[in-house]
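Notes to accompany the following structure.
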Amino acid sequence: IDSMYFLVGSNHAQTKHRVLKIDRTEPKDLVIIDDKHVYNQQEVRELLGRLDQGNRTKIGQKGSSGLSRAVLAFGIVGFVRFLEGYYIVLITKRRKMADIGGHFIYKIEDTTMIYIPNDSVRVTHPDEARYLRIFQNVDLSSNFYFSYSYDLSHSLQYNLTLLQRPYEQWSSAASSTEEEVHTQSKQDSFDIFEDEGLPTKVVYGLYNEPYYKYVWNGKLLERVKDIVHHDWLMYIIHGFCGQSKLLIYGRPVHITLIARRSSKFAGTRFLKRGANCEGDVANEVETEQVVHDASVMSFTAGSYSSYVQVRGSVPLYWSQDISTMMPKPPIRLDQADPYAYVAGLHFDQMLQRFGSPIIILNLVKKREKRKHEKILSEELYRAVVNLNQFLPPSHCIDYIAWDMARYTKSKLCNVLDRLSMIAENVTGVLRTNCVDCLDRTNTAQFMVGKCALAYQLYALGMIDKPKLQFDTDCVRLFEELYEDHGDTLSLQYGGSQLVHRVKTYRKIAPWTQHSKDIMQTLSRYYSNAFSDADRQDAINLFLQVYQPSEAKPHLWELPTDLYLHQTSTMAIPQDRRSYTLWWSEGVLSYLPVPYDEVPCEENMKKVKVKRMNQLDESIDIYTEFFKPYELTSFDDTFCIAMTNSAREFMPKTVGADPNPFTVRKPEETGKSVLGSKSSKEETVLQRKTAASAPPPPSEEAISSTSEDDSEEDREDEGTVSQRSTPIKLLTESGESSRTQEVFQHHMAKEPYGLNLAEFPSEDDLLIYQRFAHLGESQHRVERTEHINPANIICLEPVSRFPEDSIYAVLPPQVDKNSREVFESHVMTGQGQVRALCREDMLMYREYIKNRYM
């Protein structure tokens, strides 16, 4: 209606509704009323019916004067105001991208902005339309994600740690909010049988604050956060989300990749470098890979594994001047920081979120004819050394510097082998950086993720040893997922897709890839030179870093946005942190556990506890989402079109090994069989895995072999066509019929792997006769002795989880020798080293021989 907007929200089952009233008579203020009442379907229909009747000009008249539906939406992004009144941003189209434990993750496909004040009170401003265009330059349909029931701003470990805290902690926290729980309606908290004295199964529901660093609409919801019920608040993240299905002999395993881009110091490539005064760095992305057994969907009964990596710019005050119009502008240190104050703020954030150890993998160049990237390497090393001298030795920051670009040019070193060795020795959160944190960083993160994936599958009991090889269906699927991830993040920050991919560093990329790399480089240069400034303005306005006002200059009039992101330039900070005790209070006492996951008083304030009936729909995910008492559509329930290892990568020939951990020949992969000729030529080059191959050939050799292979393919196609032509013409003669028979046998050999027309050999017949004889005589044996099934069926558990499959398997017992090894390991950590025996020396010699010789 003209004076009010009504937002009616419901749960998925449409059994609970809430109503939000937005006043349209205020020209510049936002007035929202939330009655906090939960309506059922009948009540909300009656309410809307009364509103419709009450706002008609005459009783019984039907027309535009009553209540009319303005839009159907899936969530509120936020409220924003420029120079006139407020707008509301709504999600009008969504798409399911992933499923984690029954919690769906959606991608925003389309949004709409609705101006709240009506035309009678609207105060127009000439610059309003320009601000609106700048705000809409942030394409919300491009890589923004949300979930109704899963906190995407936190890692899986954090979300599950909250649920696994002891009952006593929640009961004490719940007692403080007891009055709030009881003042709510019966529908919202308990069922109708509570007053009858019947026993009710009570569980504690949790609602925790998001991690605002990775929330992109936090400022847009800030105005209404304390007014409306938290069910209306839906936080979105920006980055990447992808999920693929790995089929292991029919058993589904989902591999999910979630990348969260930081909303602090966010921007484009050359306009946002280094760090700001609060320790937030440019292009900071947290990538989490979640692996879980998809045959069980719930968190309580399923098996889940997660690994987190971080990328981000070098945490120093540095920049590059793009006004010179050079492809690689010189790196400039803007401000001296001898005590590593900004780096200390950044690593303090990491200690709070991830605990220790923090491992830095610095891929920046160390040797250059003209000092360019080396400036950053030297300064970062000094900063880490300075910060480490105040930390306890057991929690120091690990610093690994490796010039990846230099080793790529060398023919004696395999880059991916070296990255694999680094990944094997990493225990903790790895922070990877190069200059742009795009191409080199994505390849390094892929190799670390590949190593972590092997350990995740091993922990889930899917493989017998934590090792994965290239050119298997599993690694191909994971590589494709990581390349999509890298392309998306590169487009957001650099303006183009990845220039150097995993195939480039394996040195198996086809010659056509070089022209693609040149085009991506030109696209990146054009974007950085001409369109990045407009994108930066849009990001600043969307994140409300800049808020328009009549009293200050317009956004497009600012010569720089330095003062918007560096708050210390506008005001002198009152409490400056110590240079020696550079970490936050309380962080050090809980290490290696991250401070954010410690159940201390400060963290408990971020969590709201609510008593719920165990059978309530908001607790019972299965009932709400699958609706067992209604007819549901397969299109709605199974609408995630994810990559499938069996469909996309497994060979299509009959009799192929379905094991996704088997190394395939390039021509055997599913994509090369179904793909075009160009993809076939591209995969022909993948003859050997980079992890085990000798030094690769030069680019000229690669291009020549690809040409030779393509010519051979053309010759094979020609001979097949020549053979098949005379068969149709000469079917009357005996010779031609024999030719046809031979051809049919040849065709039968391709899918089945053997010639069906040939009679079995004598040896094969003898083996078969013995087998048949054993089968006949087996039933005649009189089984008088007692047979112990344990001697026949030996289930050896390989999983670290208590239930490996539908059969309950007990974990293996720790023997005495293993216990002694662990005790000596602990004693060594305490400084009590035992004398080395002969077995230790032999073991160490064997390790050196296998590793380095």
Side-chain angles (χ1 to χ4, degrees), residues 98-102 155-157 160 242-258 287-309 420 423-424 426-427 445-482 485 640 642-651 656-664 668-670 689 691-692 793-813:
D99 170 19
I100 301 179
S155 64
L156 179 74
Q157 176 175 323
L160 293 186
Q243 189 172 56
S244 296
K245 182 188 289 185
L246 176 67
L247 279 176
I248 306 174
Y249 293 105
R251 187 172 182 179
V253 175
H254 285 179
I255 302 173
T256 313
L257 213 58
I258 301 173
T287 300
E288 179 179 20
Q289 62 185 59
V290 180
V291 180
H292 72 277
D293 185 354
S295 56
V296 181
M297 66 171 282
S298 84
F299 279 138
T300 52
S303 301
Y304 290 81
S305 176
S306 167
Y307 180 70
V308 174
Q309 298 184 71
S420 295
E424 286 284 349
V426 164
T427 304
Q445 285 197 333
F446 164 74
M447 289 305 298
V448 175
K450 172 178 167 287
C451 177
L453 177 65
Y455 280 94
Q456 287 176 301
L457 292 171
Y458 178 72
L460 291 171
M462 303 297 176
I463 52 179
D464 56 350
K465 57 182 179 180
K467 194 75 176 174
L468 292 176
Q469 290 182 298
F470 276 102
D471 295 324
T472 59
D473 297 346
C474 175
V475 174
R476 285 180 192 273
L477 177 139
F478 188 64
E479 182 181 337
E480 185 179 84
L481 197 60
Y482 243 97
H485 158 268
I640 305 176
M642 67 177 74
T643 305
N644 188 312
S645 64
R647 182 178 65 241
E648 306 287 343
F649 297 97
M650 201 176 82
D657 186 0
N659 186 359
F661 308 110
T662 301
V663 177
R664 312 280 188 198
E668 287 180 346
T669 60
T689 60
S692 58
I793 303 171
C794 182
L795 293 176
E796 183 181 351
V798 294
S799 172
R800 297 187 183 181
F801 291 93
E803 292 189 0
D804 184 24
S805 64
I806 55 173
Y807 304 103
V809 181
L810 293 175
Q813 299 296 322

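Residues take their numbers from the sequence shown, with the count starting at 1. Just so it is clear, the structure is predicted and the values come from calculations on it, not from any experiment. Below, all heavy atoms of this structure are taken into account, side chains as well, without hydrogens, waters or symmetry copies.
Scanning for side-chain hydrogen bond (donor to acceptor under 3.5 Å, both in side chains) contacts around His292 gives an empty result, with sequence neighbours left out. Residues passing the side-chain hydrogen bond (donor to acceptor under 3.5 Å, both in side chains) test with Thr427, sequence neighbours excluded: none. Annotation: ring pair (Phe, Tyr, Trp, His ring centres under 6.0 Å) contacts of Phe299 (sequence neighbours excluded): His103, Tyr304. By the side-chain hydrogen bond (donor to acceptor under 3.5 Å, both in side chains) test, Ser645 is found to be paired with no residue, residues two or more places apart in sequence or in another chain being considered. Partners of Ala646 by side chain to side chain contact (heavy atoms under 4.5 Å, CB included), not counting sequence neighbours, listed by chain and number: Leu247, Asn644. Contacts of Ser244 classified as side-chain hydrogen bond (donor to acceptor under 3.5 Å, both in side chains), with partners at least two apart in sequence or in another chain: none. Every residue two or more places apart in sequence or in another chain that forms a side chain to side chain contact (heavy atoms under 4.5 Å, CB included) with Glu288 is listed here: Ser155, Leu156, Arg260, Val290, Ser306, Val308. Thr472 is linked by a side chain to side chain contact (heavy atoms under 4.5 Å, CB included) to Gln469, Cys474, Val475, Val663, counting only residues two or more places apart in sequence or in another chain.
If you take CG on Leu453 and CD1 on Ile463, they are separated by 7.5 Å, rounding to the nearest 0.5 Å. Remark: Thr287 OG1 to Tyr307 OH distance equals 11.0 Å, nearest 0.5 Å. Note: Tyr249 OH to Met462 CE = 13.5 Å, rounded to the nearest 0.5 Å. Between Thr662 atom OG1 and Asp473 atom CG the span is 7.5 Å, to the nearest 0.5 Å. Atom-to-atom distance recorded for Lys467:NZ and Glu424:CD is 5.0 Å, nearest 0.5 angstrom. Separating the NZ atom in Lys245 from the OG1 atom in Thr643 is a distance of 11.0 Å, to the nearest 0.5 Å.
Relative to the six-membered ring of Phe470, Lys450 meets both conditions, a distance below 6.0 Å and an angle of at most 45° to the axis.
The shortest distance between side-chain heavy atoms of Val253 and Ile248 falls below 4.5 Å. For the pair Arg476/Asp471, a side-chain contact is recorded, criterion being any heavy-atom separation below 4.5 Å from C-beta on. Looking only at side-chain heavy atoms (C-beta outward), Gln445 and His485 come within less than 4.5 Å of each other. Between Leu246 and Phe478, the closest side-chain pair of non-hydrogen atoms is not below 4.5 Å.
Between Ala98 and Gln243, the shortest heavy-atom distance links the atoms CA-OE1, 3.3 Å. Of all non-hydrogen atoms in Ile255 and Leu481, the two that sit nearest each other are O-CD2, 3.8 Å. Here the closest non-hydrogen pair linking Cys451 and Ala423 is CB-CB, 3.7 Å. For the residue pair Arg664 and Pro658, the shortest heavy atom distance occurs at NH2-C, 4.1 Å. When every heavy atom of Gln309 is checked against every heavy atom of Gly449, the shortest pair comes out as NE2-N, 3.6 Å.
Here the side chain of Gln289 pairs no donor or acceptor atom with the backbone of Ala452 at under 3.5 angstrom.
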